[in-house]
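In what follows, a structure is listed as structure tokens, so that the remarks can point back to it.
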Amino acid sequence: MDFSFKRIKFEHNVGEKDQKIRYGIGTGFVCISLFTANAFLLLFGIALIGSAYLSWCPAYSGLAMNTCSGEAKQ
């Protein structure tokens, strides 16, 4: 039995502009969720803020996308 799977690499794939957008939208979702008590918006906002902080998006890795301009920071 083989349990091998394609491993997603952790390479920075979120550029500065994309990072700022993720911070803004994520913060907006978190603020809205505090007033509406919506857990989905809170989790989605935290996920966006986390991906902006790490400069890595798992969806981008799966789709082989990269919004970093030039050389990726390590």
Side-chain angles (χ1 to χ4, degrees):
M1 203 179 276
D2 185 20
F3 290 103
S4 63
F5 58 93
K6 184 178 178 183
R7 195 166 220 202
I8 296 177
K9 287 183 170 182
F10 182 80
E11 294 178 353
H12 295 280
N13 57 11
V14 175
E16 288 183 33
K17 186 176 179 181
D18 193 10
Q19 192 176 24
K20 290 177 184 177
I21 292 169
R22 286 172 186 264
Y23 275 132
I25 293 174
T27 303
F29 281 164
V30 168
C31 290
I32 291 170
S33 73
L34 295 176
F35 292 109
T36 62
N38 189 336
F40 176 74
L41 285 180
L42 178 65
L43 292 175
F44 194 66
I46 290 172
L48 284 174
I49 292 170
S51 68
Y53 179 75
L54 295 173
S55 296
W56 178 71
C57 178
Y60 281 5
S61 290
L63 296 172
M65 291 179 58
N66 190 349
T67 60
C68 292
S69 59
E71 198 171 310
K73 59 182 177 179
Q74 296 295 327

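What you see is a predicted model, and the numbers here were worked out from it, not measured in a lab.
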So if you build clusters from Ile, Leu, Val, Met, Phe, Trp, Tyr with side-chain heavy-atom gaps below 4.5 Å, do [X] and [Y] land together?
{"X": "Y23", "Y": "I46", "value": "yes"}
{"X": "I32", "Y": "I25", "value": "yes"}
{"X": "V30", "Y": "L54", "value": "yes"}

Problem - Modelled atom types, side-chain donor and acceptor of S61 and W56, under 3.5 Å - result: yes
Exercise for the section: Ignoring hydrogens and angles, state whether a donor on the side chain of T67 or N13 is under 3.5 Å from an acceptor on the partner side chain. Expected result: no
For [X] and [Y], indicate whether the former's side chain and the latter's backbone hold a donor-acceptor pair under 3.5 Å.
{"X": "Q19", "Y": "V14", "answer": "no"}
{"X": "H12", "Y": "N66", "answer": "no"}
{"X": "T27", "Y": "G24", "answer": "no"}

Problem - Validation row: N38, L42 side chains within 4.5 angstrom (heavy atoms) - result: no
Completion exercise
Closest heavy-atom pair, G45 versus F29, reported as atoms and distance to 0.1 Å, is CA-CB, 3.9 Å
Rounded to the nearest 0.5 Å, how far does [atom2] of [Y] lie from [atom1] of [X]?
{"X": "C68", "Y": "E16", "atom1": "SG", "atom2": "CD", "answer": "8.5 Å"}
{"X": "C57", "Y": "D18", "atom1": "SG", "atom2": "CG", "answer": "7.5 Å"}
{"X": "Y60", "Y": "S51", "atom1": "OH", "atom2": "OG", "answer": "8.5 Å"}

Problem - F44 atom CZ: more than 12 heavy-atom contacts under 6.0 Å - result: no
